Amino acid sequence: MKTVVFYYTGTGNSLWSARQLAEKLGGAKLLHMKCADALAAGEAEVVGFVFPVHVWGLPLPVVEFVKKLSLRPETYLFALAVNAGQVSRTLVQLQEMLARRGLKLAAGFDIVLPSNYIPWGGAAPAEKQQERFAAARARLEEAAACISAREAGPVEMGPLWQRIVFTAIYKMSFNQVHKMDKDFWCDDTCNACEICVRICPAGNIEMKKGRPAWKHQCEQCLACIQWCPQESIQFGKKTPAYERYRHPEVSLPDMIAGVGGR
Ligand SMILES: Cc1cc2nc3c(=O)[nH]c(=O)nc-3n(C[C@H](O)[C@H](O)[C@H](O)COP(=O)(O)O)c2cc1C
Ligand code: SF4
Ligand code: SF4
């Protein structure tokens, strides 16, 4: 096993990025961070981390995963921070976490794809999405060239003001993540298919009286609201009017298989 890529994803952008990269690298083993053993990369020569940016930093499950990692110091490490245009300090945060474990992040790339943060608005127009997919493909090409050559690449970051202001917000909100599910609710179109239960990477949803109920162990990935086939799941007051977003080349079975096919 030469290259292992650990990923985390809510709407498929990071899974798509990880797959594209694996293809350009001539193959890599893709493992979902929530299902993989953090020791699974053991003898790999190259290890990658591909994940969305959440609230201008690393998603909580990524932080938890990195804390459990055990790798040889000489392993070539890279990361893709998949985001909607504000990577802020996310890759530096990862670089620092790895350094505390005696590991070096050789390269960290900022990959911009459509936003899945539906509380702030629905999916972007198809044309805008296509522009981002095309730009991301080119960026992934650059990343793959750097990784293939085992070069020390950039660790990309947003502007200073973003790193100061948004990192403060990240730190303040980090401990609230689990409870953000209090604003989810389900409308009458639900047909009790249980896809939300199966797709949730945190096992945070259970069915109660034929409707989903959230257990306050949420990771804010937004998979449940974005993938519900009936669009029955809502967050706050505005989402009934918003269009859902999922990466068009990632399927529901891909997502469910990623979290263990429950
Ligand atoms: C809780 C949450 C917070 C987010 N925060 C940011 C952010 O700080 N900066 C940004 O550019 N995108 C942010 N986004 C958007 C995602 O990073 C972006 O849509 C990403 O491509 C989603 O990847 P995924 O489909 O693999 O989950 C956020 C999304 C979520 C769900
Ligand atoms: S995925 Fe949607 S329709 Fe299916 S049980 Fe969940 S809320 Fe109901
Ligand atoms: S409850 Fe929804 S948003 Fe929270 S972790 Fe599960 S799928 Fe993601």
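In each ligand, atom 1 is the first atom listed, and ligand 1 is the first ligand listed. Worth saying up front: this structure is predicted, and the values here are computed from it rather than measured.
The Asn204 neighbourhood of ligand 3 comprises atoms 1 (S), with distances under 4.0 Å to a heavy atom of that residue. Near Gly85, the atoms of ligand 1 lying under 4.0 angstrom from a non-hydrogen atom of the residue are 11 (O). Contact atoms of ligand 1 toward Gly12: 25 (O) (distance under 4.0 Å to a heavy atom of the residue). Within ligand 2, the atoms closer than 4.0 Å to a non-hydrogen atom of Cys190 are 3 (S), 5 (S), 7 (S), 8 (Fe), numbered from 1 in the order shown. Each of the following atoms of ligand 1 lies closer than 4.0 Å to a heavy atom of Val82: 17 (O), 20 (C), 21 (O). Each of the following atoms of ligand 1 lies closer than 4.0 Å to a heavy atom of Gln220: 1 (C), 31 (C). Atoms of ligand 3 lying under 4.0 Å from any heavy atom of Leu222, numbered from 1 in the order shown and given with element: 3 (S), 8 (Fe). The ligand atoms of ligand 1 that sit less than 4.0 angstrom from a heavy atom of Leu222 are 31 (C). Applying the 4.0 Å criterion to heavy atoms of Ser115 picks out, from ligand 1, the atoms 19 (O). Near Glu194, meaning under 4.0 Å from any of its heavy atoms, are these atoms of ligand 2: 4 (Fe), 5 (S). Close approach of ligand 3 to Trp214 (heavy-atom distance below 4.0 Å) involves ligand atoms 1 (S). Each of the atoms 1 (S), 2 (Fe), 3 (S), 7 (S) of ligand 3 lies under 4.0 Å from some heavy atom of Cys224.
Ring geometry for Phe6 versus Phe49: interplanar angle under 30°, hence parallel rather than tilted (30 to 60°). Using cut-offs of 30° and 60° for the angle between ring planes, the His54 and Tyr8 rings count as perpendicular.
For atom 7 (S) of ligand 2, the nearest protein heavy atom (residue, atom name, distance) is Ile233 CG1, 3.5 Å. Annotation: atom 10 (C) of ligand 1 to nearest protein heavy atom, Ala84 N, 3.4 Å. For atom 9 (N) of ligand 1, the nearest non-hydrogen atom of the protein is Gln86 O, 3.0 Å. Looking only at protein heavy atoms, the nearest one to atom 2 (Fe) of ligand 2 is Cys228 SG, 2.3 Å. Nearest non-hydrogen protein atom to atom 5 (S) of ligand 3 is Glu219 N, 3.2 Å. The nearest heavy-atom contact from the protein to atom 24 (P) of ligand 1 is Thr9 OG1, 3.5 Å. Protein heavy atom in closest approach to atom 3 (S) of ligand 2: Asn191 OD1, 3.3 Å. When only non-hydrogen protein atoms are considered, atom 21 (O) of ligand 1 lies nearest to Asn13 ND2, 2.8 Å. For atom 6 (Fe) of ligand 2, the closest non-hydrogen atom on the protein side is Cys196 SG, 2.3 Å. For atom 4 (Fe) of ligand 3, the closest non-hydrogen atom of the protein is Cys218 SG, 2.3 Å. Scanning the protein for heavy atoms near atom 25 (O) of ligand 1, the closest one is Thr11 OG1, 2.5 Å. Looking only at protein heavy atoms, the nearest one to atom 3 (C) of ligand 1 is Val55 N, 3.2 Å. Ranking protein heavy atoms by distance to atom 27 (O) of ligand 1, first place goes to Gly10 N, 2.7 Å. Summary of contacts: the protein heavy atom closest to atom 8 (Fe) of ligand 3 is Cys221 SG, 2.4 Å. For atom 6 (C) of ligand 1, the nearest non-hydrogen atom of the protein is Val53 O, 3.4 Å.
Under a hydrophobic clustering in which Ile, Leu, Val, Met, Phe, Trp and Tyr are joined whenever their side-chain heavy atoms come within less than 4.5 Å, directly or via other members, Trp16 and Leu25 fall into the same cluster.
Using a 4.5 Å cut-off on side-chain heavy atoms (C-beta onward), Ser88 and Arg163 make contact. Side-chain atoms of Phe78 and Cys146, non-hydrogen and from C-beta on, never get closer than 4.5 Å to each other. Looking only at side-chain heavy atoms (C-beta outward), Met157 and Arg89 stay at 4.5 Å or farther from each other. At a threshold of 4.5 Å between non-hydrogen side-chain atoms, the residues Lys67 and Met97 count as touching. Side-chain atoms of Leu222 and Tyr117, non-hydrogen and from C-beta on, do get closer than 4.5 Å to each other.
For the ligand labelled ligand 3, residue Asp181 lies outside the 4.0 Å heavy-atom shell.
A distance of 9.5 Å separates CZ of Phe51 from CG of Asn83, quoted to the nearest 0.5 Å. How far OG1 of Thr189 is from CD of Gln230: 6.0 Å, rounded to the nearest 0.5 Å.
Not one N/O/S atom of Cys200, from backbone or side chain, sits under 2.8 Å from atom 8 (Fe) of ligand 3. Cys193 lies close to atom 4 (Fe) of ligand 2, since one of its N, O or S atoms is found at a distance under 2.8 Å.
At a 3.5 angstrom cut-off on N or O pairs, Val87 does not count as close to ligand 1. Residue Ser14 has at least one nitrogen or oxygen atom sitting less than 3.5 Å from a nitrogen or oxygen atom of ligand 1, judged on distance alone.
Ion pairing between Arg19 and Glu249 fails under the 4.0 Å rule for side-chain N and carboxylate O. A salt bridge between Glu131 and Lys128 is present, with a side-chain N of the basic residue lying under 4.0 Å from a carboxylate O of the acidic one.
Counting only distance, with no hydrogens or angles, the side chain of Thr75 and the backbone of Leu77 share no donor-acceptor pair below 3.5 Å. At least one donor-acceptor pair closer than 3.5 Å links the side chain of Arg101 to the backbone N or O of Leu69.
Within a 6.0 Å radius of CH2 in Trp161, more than 12 heavy atoms belonging to other residues, nucleotides or ligands are found.
Looking at Asn116 against ligand 1, both its backbone and its side chain come within 4.0 Å, counting heavy atoms. Contacts between Pro114 and ligand 1, counted as non-hydrogen atom pairs separated by less than 4.0 Å, involve the backbone only.
Between Asp187 and Gln234, the side chains place a donor N or O and an acceptor N or O closer than 3.5 Å (distance only, hydrogens not considered). Residues Asn13 and Asn116 bring no donor and acceptor atom of their side chains to less than 3.5 Å of each other.
Between Phe166 and Tyr170, the ring centre distance reaches or exceeds 6.0 Å.
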query = Please walk me through it: do Arg139 and Glu142 pass salt bridge (charged side-chain N to carboxylate O under 4.0 Å, His left out)?
reply = CA-CA 5 Å; Arg139 292 249 51 216; Glu142 287 168 28; 3.2 Å; yes

